[in-house]
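Working notes, structure below.
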Amino acid sequence: MIILHFFLGLIYILLPIVFVLYYRIYYLEKEEDKYFFLWGFVLKMFGAVSAVLIYTQYYSSGDTLYYFQAGSKLLDFLLDHPNAFFDIFLSPNLSKYENLDFIYYKQGLVYYRDTSSYTVSKISILLNFLSFQSFLLTSILCSYFSFFCSWKFYKFISKKVDFEKMKIGYAIFFMPSVIFWGSGLFKDTFTLAALYLLMIAMVNIFGYKKISPSYLIYIVLSLYLLISIRSFFLLTIFPFISMWVMLLNYRKIASPAIRFFLVPVFILFILGGSFFILKSLTQTFQELSFENLADKSKGFQSWHTTLKGSAYSLGDMDYSLQGIVNKIPAAINVSLFRPYLWEANKAIILLSAIQSLIFLIFTFYVLMKLKFIYFFKHLFRSPGALSLLGFSLFYAFIVGFTSYNFGALDRYKIPCLSAYIISLLFVLDDYYKELSQN
């Protein structure tokens, strides 16, 4: 089996590298595209391999290992019981089975009976089959899917700017937290990829009126992954995708008078639509209601503050609505700009602290460059900037309020990182466009 994994590894690693080099030379013309196609691929694979090494050599346990083991055991079960194929793959989880005698480790019970974990385990079945049950190759296959979705998102976003193309690539492919947590066999890999695909498809179809079979596939795949793994992501992204689409359609109205009179209508429509979407999704998924947000925060705070070294605090907590609202600035700050350098007492936390410092410096740079007040002028002129900034701040509040541990936060916050930086780059790009026209 070791020899088989070795030769399979050569095929699964060398052939994609050859393809990347070939595609880069013969199908890409712009230098920035060539650069990010190569290094984006390399960094995704590096992130997957790093996760494998850290979780096997340092931790010897963890979610990614359990997903692999659950998928491996389910694959063995299916090979012995092929008639159970549809039951295994079409079931949201295996909670209906009273006796899961093919579970051989205690953590497996959760990974078979929890829908989100079981979804990743089902994905692991397919990847285990392709990799002949090699954890390293399974993780590398995940990195290929992650790279594909990230590349599509890069191409989608880079078409919207004229002056900030290189920085767009850095924001998507070079984010340390995203490289590690968004490349291997993690929930975060699939949910981040799903967010990218959903934004690409929805904005192109409803905002730019571009219909393509691939966009329909993106919507179906992304909705499946998000609903099955982390359905509350739809609560955080859908209102802002809707805002992006509506603002794009609003800008297409030729008459200034009609646009002027439609402003309050659009504002009410966006606010009202977002309210009903949130209400509907909350009732459907029951994950982000006020009570659950408070309960989740209390639970995480109780657990994570008992961990030494990487726990953080937002101060005295009042779990009333007003108390939670009062913590919005602190929660956003901890997600985007903390840990501070002096709060880092581990190598991995130090890397996150450096990343947060860069976020803080870049934020001040943009605000100073645009003299702060003009920042909002250019922000409101860019539908993408307004929507991505709204999403990133809303999501940053949620994870900052509920994590209470820098290690966990570094993982949970990756969906808002690239979105935040890209929103600022959209603002800068609009500023440079105005300068070039004057």
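A quick note: this is a predicted structure, and the numbers were derived from the prediction, not measured.
- Between the side chains of Asn405 and Ser403, no donor-acceptor pair of N or O atoms lies under 3.5 Å.
- When side chains are defined from C-beta on, Leu192 does not count as touching Asp188, because their heavy atoms never get closer than 4.5 Å.
- Aromatic ring centres of Phe147 and Phe37 lie closer together than 6.0 Å.
- Side-chain atoms of Tyr312 come within 3.5 Å of backbone atoms of Tyr404 as a donor-acceptor pair (strictly under, hydrogens ignored).
- Between Leu424 and Lys167, the closest side-chain pair of non-hydrogen atoms is not below 4.5 Å.
- Here the rule is ring pair (Phe, Tyr, Trp, His ring centres under 6.0 Å) with Phe233, and of Phe238, Tyr395, Phe240, Tyr196 only Tyr395 fits it.
- A donor-acceptor pair under 3.5 Å links the side-chain atoms of Asp429 to the main chain of Asp162, judged by distance alone.
- To the nearest 0.5 Å, atoms OG (Ser150) and CG (Leu197) are separated by 9.0 Å.
- Checked against a 6.0 Å centroid threshold, the rings of Phe148 and Tyr144 do not count as neighbours.
- Under the 30°/60° scheme for interplanar angles, the aromatic rings of Tyr154 and Phe36 are found to be tilted.
- Among all heavy-atom pairs drawn from Thr138 and Ser131, the shortest one is OG1-OG, 2.8 Å.
- Within the model, atoms OG1 of Thr402 and OH of Tyr412 stand 8.0 Å from one another, a figure rounded to the nearest 0.5 Å.
- Counting only N and O atoms by type, the side chains of Ser91 and Tyr118 include no donor and acceptor under 3.5 Å apart.
- For the pair Ser139 (side chain) and Gly184 (backbone), a donor-acceptor distance under 3.5 Å is absent.
- Ser382 places no side-chain N or O within 3.5 Å of a backbone atom of Leu379 that could act as its donor or acceptor partner.
- Other residues, nucleotides and ligands place no more than 12 heavy atoms under 6.0 Å from the CD1 atom of Ile373.
- Shown here for Leu195 and Pro415, the closest heavy-atom pair between the two residues is CD1-CB, 3.7 Å.
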**OP:** Let me see the working for Tyr215 and Ser212 under side-chain contact (heavy atoms from CB on, under 4.5 Å), right down to the final yes or no.
**Re:** CA-CA 5 Å; Tyr215 294 152; Ser212 168; 3.6 Å; yes
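- No side-chain donor from either of Lys413 and Ser177 sits under 3.5 Å from a side-chain acceptor of the other.
- Note: Phe376 and Phe372 meet the aromatic proximity criterion, with ring centroids under 6.0 Å apart.
- Between Leu248 and Gly207, the closest heavy-atom pair is CD1-CA, 3.9 Å.
- A 6.0 Å sphere centred on CZ of Phe174 holds more than 12 heavy atoms belonging to other residues, nucleotides or ligands.
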**OP:** Report the C-alpha distance between Lys30 and Tyr35 in whole Å, list the side-chain angles of each, state the deciding distance to 0.1 Å, and finish with yes or no for side-chain contact (heavy atoms from CB on, under 4.5 Å).
**Re:** CA-CA 9 Å; Lys30 298 178 180 179; Tyr35 179 81; over 6 Å; no
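- Residues His378 and Leu370 form a side-chain contact, since some pair of their non-hydrogen atoms from C-beta on lies under 4.5 Å apart.
- A donor-acceptor pair is defined here as one N or O able to donate and one able to accept, closer than 3.5 Å; such a pair exists between the side chain of Lys44 and the backbone of Gly182.
- Cation-pi geometry between Lys371 and Tyr374 is not met: the NZ or CZ atom fails to fall both under 6.0 Å from the ring centre and inside 45° of the normal.
- The closest side-chain heavy-atom distance from Lys187 to Thr119 is not below 4.5 Å.
- To the nearest 0.5 angstrom, Thr191 atom OG1 is 11.5 Å from Phe186 atom CZ.
- Phe135 has its side chain within reach of Thr64: a pair of non-hydrogen atoms, C-beta onward, lies under 4.5 Å apart.
- Ser117 is not listed as a side-chain neighbour of Tyr66, based on a closest heavy-atom distance of 4.5 Å or more.
- Annotation: Lys377, atom NZ; neighbour count of heavy atoms from other residues, nucleotides and ligands within 6.0 Å is above 12.
- A 4.5 Å side-chain heavy-atom check between Phe391 and Met243 finds every atom pair outside the cut-off.
- Taking CD1 of Ile179 as the reference point, atom CD1 of Ile414 lies at 11.0 Å (rounded to 0.5 Å).
- The distance from atom CD of Glu32 to atom CD of Glu164, rounded to the nearest 0.5 Å, is 12.0 Å.
- Ring geometry, Tyr23 versus Tyr27: the interplanar angle falls under 30°, so the pair is classed parallel (tilted spans 30 to 60°).
- Proximity of the aromatic rings of Phe359 and Phe337 is defined here by a centroid distance below 6.0 angstrom, and this criterion is not met.
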**OP:** Evaluate the criterion salt bridge (Lys or Arg N to Asp or Glu O under 4.0 Å) for residue pair Glu29 and Lys34; output intermediate values, then yes/no.
**Re:** CA-CA 7 Å; Glu29 297 179 357; Lys34 292 182 178 182; over 6 Å; no
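- Side chain to side chain, Lys165 and Ser158 fail the donor-acceptor criterion of an N or O pair below 3.5 Å.
- Looking at heavy atoms from C-beta onward, Val120 lies out of side-chain contact with Thr189 at the 4.5 angstrom threshold.
- Of all non-hydrogen atoms in Pro176 and Gln355, the two that sit nearest each other are CD-OE1, 3.1 Å.
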Subject >> salt bridge (Lys or Arg N to Asp or Glu O under 4.0 Å) between Arg338 and Asp410, worked out >> reply: CA-CA 10 Å; Arg338 290 178 64 186; Asp410 191 53; over 6 Å; no
Subject >> Criterion side-chain contact (heavy atoms from CB on, under 4.5 Å) on Tyr67 and Ile123, from CA distance to verdict >> reply: CA-CA 9 Å; Tyr67 297 140; Ile123 296 172; over 6 Å; no
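- Cation-pi contact between Lys160 and Tyr208: present, with separation from the ring centre below 6.0 Å and deviation from the ring axis of at most 45°.
- Between atom OH of residue Tyr432 and atom OG of residue Ser436 there is a gap of 11.5 Å, rounded to the nearest 0.5 Å.
- A side-chain donor-acceptor contact under 3.5 Å links Ser335 to the backbone of Ala396.
- Donor-acceptor pairing under 3.5 Å is lacking for the side chains of Ser183 and Ser143.
- The main-chain N or O of Leu38 is never found under 3.5 Å from a side-chain atom of Arg24 such that the two would form a donor-acceptor pair.
- Proximity of a side-chain donor or acceptor of Gln57 to a complementary backbone N or O of Ile54 within less than 3.5 Å is not detected.
- Shown here is Phe129, whose CZ atom has no more than 12 heavy atoms of other residues, nucleotides or ligands within 6.0 Å.
- Closest non-hydrogen pair, Gly384 versus Phe426, comes out as C-CD1, 3.5 Å.
- Taking both residues in full, the closest heavy atoms of Leu234 and Pro239 are given as O-CD, 3.9 Å, listed atom of the first, atom of the second, then distance.
- In this pair, Tyr55 and Phe180 present their aromatic rings parallel. The plane angle is below 30°, not in the 30 to 60° band.
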